Amino acid sequence: MNEDTRRTIRLPHAGIVLLMGPSNSGKSTLLARLVEEGVLLQTEVVSSDQFRMLVGDDVYIDWRGRPKHEADILYNDYQRISEQAFAAMETILRMRGGLGKLSVVDATHLYPDDRRKYIDLAHRLDLPVVVVALDVPEEALLKRDAGRAEPRGKQRVKQQAHQFKRTVRGLKEEGFDSVYILKDAQLPELRFERRSNPLLKEIGPGIDIIGDIHGCWDEMIELIGKLGYVPGEEGLYLHPEGRKLVSVGDVMSRGPQSIRTMMFWQQHVEAGAAYMVDSNHGWKIARYLSGRDVSLSHGDERVADELAQLAQEHGSEAASQWRQRMSHFLLEAPSHLVFTKNGVRHVVVAHAGIRDEAIGKQSKRISDFCRYGDTDGFDAAGKPVRKEWYAHHNTGELIVWGHDPRVQPAVVNHTINIDQGVVFGGQLTAYRYPEKAFVSVQAARDYSEAADNPLKEWARRRFSPPNLRRLIEGYSVVTDSYGEVEVRGEFVKAAIDTVSHFTVPIEELLYIPPTMSPPAVSEDEAYLEHPREAFAYYRAQGVQTMVAEKKHMGSRAILTIYKDEAAAIPYIGYPSAGSIYTRTGRAFFPNQMEHKVLGQLQQDLRTSEYFERYDTDILVLDAEILPWNLKAKELIAAQYAHVAEAAMLDRTKLLVKLKEAQAAGREVGDWIEEGERKLANAETFGQAFQYYCWDVDELEGVRIASFHILAHGGETFFDRTHVWHMEHARELAGCSKLFMETEYRVITDAASEEEAIAWWAEMTETGHEGIVVKPEFYRTRNGSKLVQPALKVRGRRYLHIIYGMDYLEPDNLKRLKQRKTRKKEKHALLEFALGMEGIERFVRKDSVERMHECVLAALALESDPVDPRL
């Protein structure tokens, strides 16, 4: 028979295939052939005999011809081995299925109950399940059995053959996706192939993913043109570089030109110029067009109106044909698509989202999830309560979705929502890959005329106070950098109390800077902390380039400076020059002083044309404000100056008495030596804090050392290097005398490490606090794990302030070197992720509640006690 005319059996690319047939029907022989032909991998074959051998060291136990009591024992042994073999086999099938693999099961499968468990397993795993039944005459079965090394016996073979005949007729009603009943004589003439996964598509030169269009034809054509697509033959919009359009679905309903928009996507998809996934409105319209009894609402009724107009203009026959073609097109739309490069998944496109374990699979359950997302009932207004499915995304692919209108693209945990509500008067957004860039066009108007316009509702509620009932018992924040951060209720309550009574207004409280951990304790006997351990940590994390910045001894502050007071309104809802607050959210200066500082900075930045140069209306900084006594005057007087004075007085008098005793002939030399050492410790302690204090007269003497440029209007700088941040801080110092630049060193090799250590040693011995060691980039990962954003390395003299004047005494230092920093390090990472997430939301002009949950979580973590000396 000609190869091209042979009947072809197409096996699924993934799932469970059951081979069915009595012993000797040729199942193992067929599998060996398929492996040899390259249709199957050997690892895809799962055999009951294989697992009997693995668990029981034998494929078959022959109990025939034995005395009854022996036969019973051997039979029971065989049954026990078979039971364990099938249990082990099912575990492997579950594991392989969970990974989206194909498994072909070689067993007799003669009884419905045996087959049912595999059907159920496949459905639970959202995989197809296929049965291939080998129908071999009884005579042939008996003949083959007689030639086996271990024959099963005539009685058993006949019994299995009869059972096969009884059960094979009902296979099609059992729930298999495909049933193949193959006669023995047919096998040589059959060709077997593997289906490819229809959900996998190559990225090629690039893709442009477009959010929910909802019949907004004009905006769609404008956006496609902006993306570089041009109309060609037969009306197809093609890209000169071969890029393709991808729709997240909901191309119809609510808007003015649904039919025209649907026809565009049908034409482009069928021509191979575009892709489109299934969606909730698409599914509903598909069933309506196919004649199902569907209640049209939420803008779907506009499609029916357009269809009636189509029938009126072109006749009912043309309208009927259009309905049929479009219904088929929409019903065939895939639940999601997976775009690959070099055989690796890069981007997943799904209308309302997708769970990780469903990526690349197809089932009714997956389709429903992709259409509607993860919902939890309905609220009082009858709207679905949407759960944050993206909180659990961790398999690495970028997931691009729509369905839930947001004012700005929402980038969360490696997922992107690109439904910016064009039909509600918002924007139509495209996401370009691999460029990772957004392109948008503004809607001409609100086409929906909906009373519950989600964008207007968002705008009305944007500056509303947060719902504390949602937060007070504990909650979690989904961050793009760390994933889900959980906050315990007991700490949330303390943070709420702080925000309620002490902090700046919550709409201005956009960022809490993260705590910072010291490195591992120094191996040098003379030091508690040393840069060498900080460098070693980053080297172990795969960081090749580091930046060491001089650590200023001042008070941490967050500065928000607006171009003018009107520029603040879109961000916080009212006019303002800006704000300056501490790392606990309290106002840094009294009102009058804050107005002077902000006024001077605003004037200096405008004079230097900073806002025009960077096309921004806002500057957000993480900084240190000096001198220390500006905020810590009472602390210095009560805790440090008083203690130093008392210690020096006490230790001086003690030393005088000891020397008098020595003059009188007493053996107190060791005590005098200890007394002199401890007096020197007290003098060092007294000098240590004074270095960071000086007199301030209004603005004269105030210095602001910026080390992180957090944001401009519409832009954050978490992808920049720390050298970039340092150089930008130098530029700011050139704009205003209130700003000061910070010394830093770049470490790339052993020589630059030693130079940085020498710099640190010289600097700290003359009274400076120390350095902060950072990886090259602001946000750095080792694989999927976030690396510590910074490690502070404080000098020997400064640490007298932290650990006491006698901390370098050998016994004390030995005890201090037992300190644990793990909890501090964990808090640093969590607060770092929360801080970046809060700034991202602020720049996107997200709601106060969305910003506040990040800030509140960071403050709550600060309520979780950690050794304050670290």
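For reference, positions follow the sequence shown, starting with 1. Note that this is a predicted model, so its numbers are computed, not measured.
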Is a side-chain donor or acceptor of [X] paired with a backbone partner of [Y] at a separation under 3.5 angstrom?
X: T780; Y: P775; result: no
X: K27; Y: G21; result: yes
X: N197; Y: G360; result: yes
X: R841; Y: R850; result: yes
X: E332; Y: F329; result: no
X: W389; Y: A352; result: yes
X: H351; Y: V248; result: yes
X: D419; Y: G211; result: no
X: R432; Y: L227; result: yes
X: Y180; Y: V130; result: no

Specify the closest pair of heavy atoms between [X] and [Y], including all atoms of both residues, with the distance to one decimal.
X: G175; Y: I119; value: O-CG2, 4.1 Å
X: G282; Y: D250; value: N-OD1, 3.8 Å
X: S481; Y: A833; value: CB-CB, 4.2 Å
X: M276; Y: A333; value: O-CB, 4.2 Å
X: N782; Y: A540; value: ND2-O, 4.2 Å
X: I207; Y: I203; value: CG2-O, 4.0 Å

Handout entry: CA sep, side-chain torsions, deciding dist, call: L93, T91, side chain to side chain contact (heavy atoms under 4.5 Å, CB included)
Key = CA-CA 5 Å; L93 291 174; T91 299; over 6 Å; no
Handout entry: Neighbour count above 12 (heavy atom, 6.0 Å) for K101 NZ
Key = no
Problem - More than 12 heavy atoms from other groups under 6.0 Å of CD on E36 - result: no
Exercise for the section: Given side chain to side chain contact (heavy atoms under 4.5 Å, CB included), test V277 with C370 step by step and report yes or no. Expected result: CA-CA 9 Å; V277 299; C370 291; over 6 Å; no
Exercise for the section: Show your working on salt bridge (Lys or Arg N to Asp or Glu O under 4.0 Å) between R194 and E44 and close with a plain yes or no. Expected result: CA-CA 12 Å; R194 288 284 289 278; E44 292 174 323; 2.9 Å; yes
With a 4.5 Å limit on heavy-atom distance, are the side chains of [X] and [Y] in contact?
X: V17; Y: V132; result: yes
X: I210; Y: L428; result: yes
X: E37; Y: L34; result: yes
X: L19; Y: V105; result: no
X: D404; Y: N417; result: yes
X: L861; Y: F491; result: no
X: H336; Y: L199; result: yes
X: H346; Y: T340; result: no

Atom [atom1] in [X], atom [atom2] in [Y]: separation rounded to 0.5 Å?
X: I209; Y: S247; atom1: CD1; atom2: OG; result: 10.5 Å
X: T395; Y: R355; atom1: OG1; atom2: CZ; result: 13.5 Å
X: H852; Y: L471; atom1: NE2; atom2: CG; result: 6.5 Å
X: E397; Y: T415; atom1: CD; atom2: OG1; result: 12.0 Å
X: T43; Y: I92; atom1: OG1; atom2: CD1; result: 11.5 Å
X: R195; Y: L102; atom1: CZ; atom2: CG; result: 12.5 Å

Handout entry: Criterion salt bridge (Lys or Arg N to Asp or Glu O under 4.0 Å) on K823 and D864, from CA distance to verdict
Key = CA-CA 10 Å; K823 189 173 183 180; D864 188 359; 3.0 Å; yes
Is the shortest distance from a Lys or Arg side-chain nitrogen in [X] or [Y] to a carboxylate oxygen in the other one below 4.0 Å?
X: E90; Y: K117; result: yes
X: R287; Y: D293; result: no
X: D846; Y: R406; result: no
X: R116; Y: E174; result: no
X: R243; Y: E435; result: yes
X: K826; Y: E831; result: no

Distance-only polar pair, side chains of [X] and [Y], donor-acceptor under 3.5 Å:
X: Q427; Y: T429; value: no
X: E840; Y: T716; value: yes
X: D300; Y: S253; value: yes

Handout entry: Candidate pair Y475 and E486, rule side chain to side chain contact (heavy atoms under 4.5 Å, CB included), full reasoning
Key = CA-CA 6 Å; Y475 65 100; E486 294 186 4; over 6 Å; no
Ring centroid separation [X] to [Y] under 6.0 Å:
X: F339; Y: Y275; result: yes
X: F832; Y: F718; result: no
X: Y118; Y: H109; result: yes
X: H281; Y: H298; result: no

Problem - Trace of the side chain to side chain contact (heavy atoms under 4.5 Å, CB included) decision for V303 with L296 - result: CA-CA 9 Å; V303 178; L296 298 181; 5.9 Å; no
Handout entry: Summary of side-chain hydrogen bond (donor to acceptor under 3.5 Å, both in side chains) pairs that have at least one residue in residues 361-370, sequence neighbours excluded
Key = D126-S363, D126-R365, K364-D368, D368-R371
